[in-house]
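To start, the structure under review is shown below, and the notes come after it.
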Amino acid sequence: PPQCSLLGLWQNDLGSEMNISAGNNAGKFFGTYLTKVSATHKPIAVSPLRGSQQMGNVKQPTFGFTVTWSFTDSTTVFVGQCFVDDKGKETLQTMWLLRKKVDSIEDNWQATLVGTNNFTRLQSRGV
Ligand SMILES: O=C1C=CC(=NNc2ccccc2C(=O)O)C=C1
């Protein structure tokens, strides 16, 4: 199966879209994240993401990346692995931590959410 490259357009199970636009051969990559969910009533804007992935001779690299939400003071970190099935279909299986900004340390205990999220490619190449 082809090596799983993180570069390109991905969509997660919430419908959010992620474009990983560039990476270097040290495994660093960056891109943009257009969320389909937001707890605020502000207009949803594109947010920047930066991350890194394993670059050894791996077919299914592990990675991590951070999304700094541009319209709220929250941050989400994703960690996961890219898998290719026997038909060459790639998925990113991730878990995430969402850190919401809270106004006081007394609320610190309730400020971090955890969950899982899977991404599949948005535009299939070829036909
Ligand atoms: O203002 C905000 C704050 C947090 C957000 N979290 N989104 C996520 C958190 C975890 C996993 C997926 C997403 C997503 O947006 O797809 C989005 C907008």
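Both counts, for ligands and for their atoms, begin at 1 and track the order of listing. Just so it is clear, the model here is predicted, and its values are computed rather than measured.
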What about [X]: any of its N or O atoms under 3.5 Å from an N or O on ligand 1?
X: N117; value: no
X: Y33; value: yes
X: S74; value: no
X: W96; value: no

- Task: Between G15, A45, S16, flag the one that comes closest to atom 16 (O) of ligand 1 by a heavy atom.
- Result: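 The residue whose heavy atom sits nearest atom 16 (O) of ligand 1 is S16.
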
- Any chance NZ of K101 has more than 12 other-residue heavy atoms, nucleotides or ligands included, within less than 6.0 Å?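 Atom NZ in K101 is not crowded, with 12 or fewer foreign heavy atoms closer than 6.0 Å.
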
- Item | Whether N117 side chain and T94 backbone form a donor-acceptor pair below 3.5 Å |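 Pair absent, no side-chain N/O of N117 close to backbone of T94.
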
- Item | Partner residues of N25 under the side chain to side chain contact (heavy atoms under 4.5 Å, CB included) criterion, sequence neighbours left out |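 Applying side chain to side chain contact (heavy atoms under 4.5 Å, CB included) to N25 gives none.
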
Could you find the nearest protein heavy atom to [atom] and give me its residue, atom name and distance?
atom: atom 8 (C) of ligand 1; value: W69 CZ2, 3.8 Å
atom: atom 17 (C) of ligand 1; value: V37 O, 3.5 Å
atom: atom 2 (C) of ligand 1; value: T72 OG1, 3.6 Å
atom: atom 9 (C) of ligand 1; value: T76 OG1, 3.8 Å
atom: atom 15 (O) of ligand 1; value: T35 OG1, 2.5 Å

- Task: Between N12 and ligand 1, find which residue part has any heavy-atom pair under 4.0 Å and reply side chain, backbone, both or neither.
- Result: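 The side chain, only.
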
- Item | For F71, the ligand 1 atoms whose distance to one of its heavy atoms is below 4.0 Å |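 Numbered from 1, ligand 1 contributes 1 (O), 18 (C).
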
- Which of the numbered atoms in ligand 1 are below 4.0 angstrom from a heavy atom of F78?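 Heavy-atom distances to F78 below 4.0 Å select 11 (C), 12 (C).
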
- Message: For L98 versus S74, what's the shortest heavy-atom pair and its separation?
- Response: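 L98 and S74 have their closest heavy atoms at CD1-CB, 3.8 Å.
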
- Do you know the tightest heavy-atom contact between M18 and L92?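 It is CE-CD1, 3.8 Å.
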
- Item | Single-linkage hydrophobic cluster, 4.5 Å side-chain cutoff, F30 and Y33 together |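 In one cluster with F30: Y33, no.
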
- Which ILVMFWY residues can you reach from V114 by hopping between side chains whose heavy atoms are under 4.5 Å apart?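 Result for V114 is V77, M95, L97.
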
- Task: Quick one: do N108 and R99 satisfy side chain to side chain contact (heavy atoms under 4.5 Å, CB included)? Show the steps, please.
- Result: CA-CA 10 Å; N108 182 59; R99 173 63 198 211; 2.7 Å; yes

- For residues T35 and F71, determine if any side-chain heavy atom of one lies less than 4.5 Å from a side-chain heavy atom of the other.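 A side-chain contact exists here, since the closest heavy-atom pair is under 4.5 Å.
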
